[in-house]
Amino acid sequence: MSAPTSPSDLYRHSLRLLLDKNIPAWVDLWAEDGLMEFPFAPAGRPQRLAGREEVAAYMRHYPDHIDLHDFPDLRIHQTTDPQTIVVEMRGVGRLVANDAPFDMTYIAVVTVQDGLITTYRDYWNPLAVLEHGTVFTGSSR
């Protein structure tokens, strides 16, 4: 596959990598100093990951916790900044620990520069996952 040419294309490609459980390739889409933020993270969970290494450490075991099957209802909105998109979507699958269904809505604000993700603010509701008795916490170390 050729390199994605727009923030929207890069984002769609990133979702395909998550569905394929190809976390190393997903992490490769990040700028070295990329920033991932979780404004609604519960106490004791990471609210900010600074740099590709922290993002990689956080995501390394993601497929062991959440088995994603699809991202239906994907809507990507352009902004006045051509490098920034706002994404609305659902992630569906199952929670690995207890085989409970996973169905989460997300809003993300993503900025891409030089073909790499530089900022990703992930507005998801961790309380929805906690209702099933588990939550992916990742690891920033």
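Fair warning: this is a prediction, and the values are worked out from it, not measured in the lab.
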How many angstroms lie between atom [atom1] of [X] and atom [atom2] of [Y], to the nearest 0.5 angstrom?
X	Y	atom1	atom2	value
Ser14	Leu19	OG	CG	9.5 Å
Gln113	Thr119	CD	OG1	8.0 Å
Asp99	Arg94	CG	CZ	5.0 Å
Arg90	Met104	CZ	CE	11.5 Å
His13	Ser8	NE2	OG	14.5 Å
Ile107	Arg75	CD1	CZ	10.0 Å

Taking the side chain as C-beta and beyond, is there a heavy-atom pair between [X] and [Y] under 4.5 Å?
X	Y	answer
Met36	Ile117	no
Glu88	Asp73	no
Ile85	Gln78	yes
Asp122	Tyr106	yes
Val92	Leu68	no
Trp26	Val55	yes
His69	Asp67	yes
Met89	Leu15	yes

Identify the residue among Arg52, Glu53, Met59, Glu54 that makes a side chain to side chain contact (heavy atoms under 4.5 Å, CB included) with Trp30. Arg52
For Pro7 against Pro82, the heavy-atom pair lying closest together: CG-O, 3.5 Å
Any idea which heavy atoms bring Ala41 and Pro46 closest together, and the distance? CB-O, 3.3 Å
[Y] reachable from [X] in the ILVMFWY side-chain graph, under 4.5 Å edges:
X	Y	result
Val86	Tyr11	no
Tyr120	Ile76	yes
Leu10	Val27	yes
Val96	Tyr62	no

Verdict with reasoning, Val109 to Tyr123, per side chain to side chain contact (heavy atoms under 4.5 Å, CB included): CA-CA 8 Å; Val109 179; Tyr123 295 91; 4.1 Å; yes
Chi angles and distances behind the side chain to side chain contact (heavy atoms under 4.5 Å, CB included) call for Leu35, Arg48: CA-CA 7 Å; Leu35 179 65; Arg48 179 182 169 108; 3.5 Å; yes
Applying side chain to side chain contact (heavy atoms under 4.5 Å, CB included) to Ile66 and Leu95, what does each step give before you reach the verdict? CA-CA 5 Å; Ile66 300 173; Leu95 298 174; 3.9 Å; yes
Between Thr118 (side chain only) and Thr111 (backbone N and O only), is there a donor and an acceptor less than 3.5 Å apart? yes
Would you say the rings of Phe38 and Tyr58 are close, in the sense that their centroids are separated by under 6.0 Å? yes
Asp114 atom CG: more than 12 heavy-atom contacts under 6.0 Å: no
